[in-house]
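Everything below concerns the one structure shown next.
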Amino acid sequence: MPKVTDQDTRMPHVEAGMRVGLFGGSFNPPHDGHALVAETALARLGLDQLWWIVTPGNPLKDTSDLKPLAERIALSRAMCPHPKVRVTAFEARHKTRFTADLVDLVQARNPAVDFVWVMGADNLAQFHKWQKWRDIADKMPLAIVDRPGSTTSYLSAPAAITLRPF
């Protein structure tokens, strides 16, 4: 059984002027759709890095069947070994529960880095349920990546309608 290491819970190193995608989730388990989102974001957004952020637990999901964090980290690394992907669980170290807090943390620590929030189109359906979702959208660009099975059916979701002009 793998263990969570100190390195697993460190925020990845970045330099001023970099463009970094933030791709968070439970990844319970990670699957080909997650890898497709990560690879598409890297290819289409000109990212220097993509942080694949394995969360200790999603406040909107039942965590009773959540695999151990160390196992999800190891599976995520195996799923997307791209050299620009940094699999991290720094939320565990900083005890953030909500994406809005994560966004504040990474921007405060890295003010000269351009971040973009990356998510699969399936998350757009419930984005309006995320704590401070409008703040997230105000603080950084959102990149919604379509993947098989999620397609444009989520364009009628409340957040999609609100954010459509942007």
Side-chain angles (χ1 to χ4, degrees), residues 1-5 7-14 18-93 96-100 102-103 106 114-130 133 136-137 140-160 163-164:
M1 176 72 132
K3 301 242 187 247
V4 176
T5 68
Q7 187 62 36
D8 292 333
T9 62
R10 289 182 187 269
M11 191 176 294
H13 176 76
V14 289
M18 290 178 85
R19 183 165 173 80
V20 177
L22 304 177
F23 180 42
S26 301
F27 303 111
N28 189 44
H31 53 70
D32 289 341
H34 295 131
L36 178 66
V37 169
E39 291 164 3
T40 301
L42 283 165
R44 301 284 307 270
L45 301 176
L47 300 175
D48 296 298
Q49 292 182 11
L50 181 115
W51 295 0
W52 182 302
I53 305 166
V54 183
T55 183
N58 182 331
L60 295 176
K61 291 185 179 177
D62 177 14
T63 57
S64 62
D65 67 344
L66 195 61
K67 294 182 184 313
L69 183 60
E71 183 177 344
R72 292 182 286 126
I73 292 168
L75 290 169
S76 294
R77 285 193 175 119
M79 178 59 60
C80 193
H82 192 287
K84 290 185 177 183
V85 171
R86 306 291 186 266
V87 175
T88 178
F90 69 85
E91 280 188 296
R93 176 180 294 227
T96 59
R97 284 200 44 191
F98 300 103
T99 301
L102 178 147
V103 165
V106 299
D114 293 322
F115 289 101
V116 57
W117 185 261
V118 176
M119 67 175 142
D122 56 317
N123 276 307
L124 191 56
Q126 46 97 24
F127 187 56
H128 66 283
K129 296 179 182 177
W130 294 19
W133 67 273
I136 298 166
M140 70 177 53
L142 305 177
I144 312 302
V145 179
D146 197 12
R147 65 180 204 210
S150 60
T151 64
T152 56
S153 61
Y154 297 110
L155 293 178
S156 61
L163 299 172
R164 185 170 289 148

Distance in Å, [X] [atom1] paired with [Y] [atom2], rounded so as to fall on 0.5 Å steps:
X	Y	atom1	atom2	answer
E71	N28	CD	CG	8.5 Å
L102	I53	CG	CD1	4.5 Å
M11	E91	CE	CD	9.5 Å
W117	F127	CH2	CZ	8.5 Å
H82	E39	NE2	CD	7.0 Å
T99	N123	OG1	CG	9.0 Å

Shortest non-hydrogen contact between [X] and [Y], atoms and distance:
X	Y	value
L75	P29	CD1-CB, 4.3 Å
A137	L163	CB-CD2, 3.8 Å
T9	A92	CG2-CB, 4.3 Å
A160	L124	CB-CD2, 3.7 Å
G120	V37	CA-CG2, 4.0 Å

Q) Taking D8 as the fixed residue, which of L69, I73, V54 is the one that meets the side chain to side chain contact (heavy atoms under 4.5 Å, CB included) rule? A) I73
Q) In a check of side chain to side chain contact (heavy atoms under 4.5 Å, CB included) between C80 and each of F23, W52, F27, which one passes? A) W52
What I'd like to find out is whether the side chain of [X] reaches to under 4.5 Å of the side chain of [Y], using heavy atoms alone.
X	Y	value
R19	D48	yes
L66	R72	yes
L50	L45	no
M119	I144	yes
R86	V20	no
V85	R77	no

Q. Is R44 atom CZ crowded by more than 12 heavy atoms from other residues, nucleotides or ligands, each under 6.0 Å away?
A. no
Q: Indicate yes or no for a side-chain donor-acceptor contact from S26 to the backbone of T55 under 3.5 Å, with no hydrogens or angles considered.
A: no
Q. Which residues pass the ring-ring contact (aromatic ring centres under 6.0 Å, His included) test with F90, sequence neighbours left out?
A.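 Expected list: W51.
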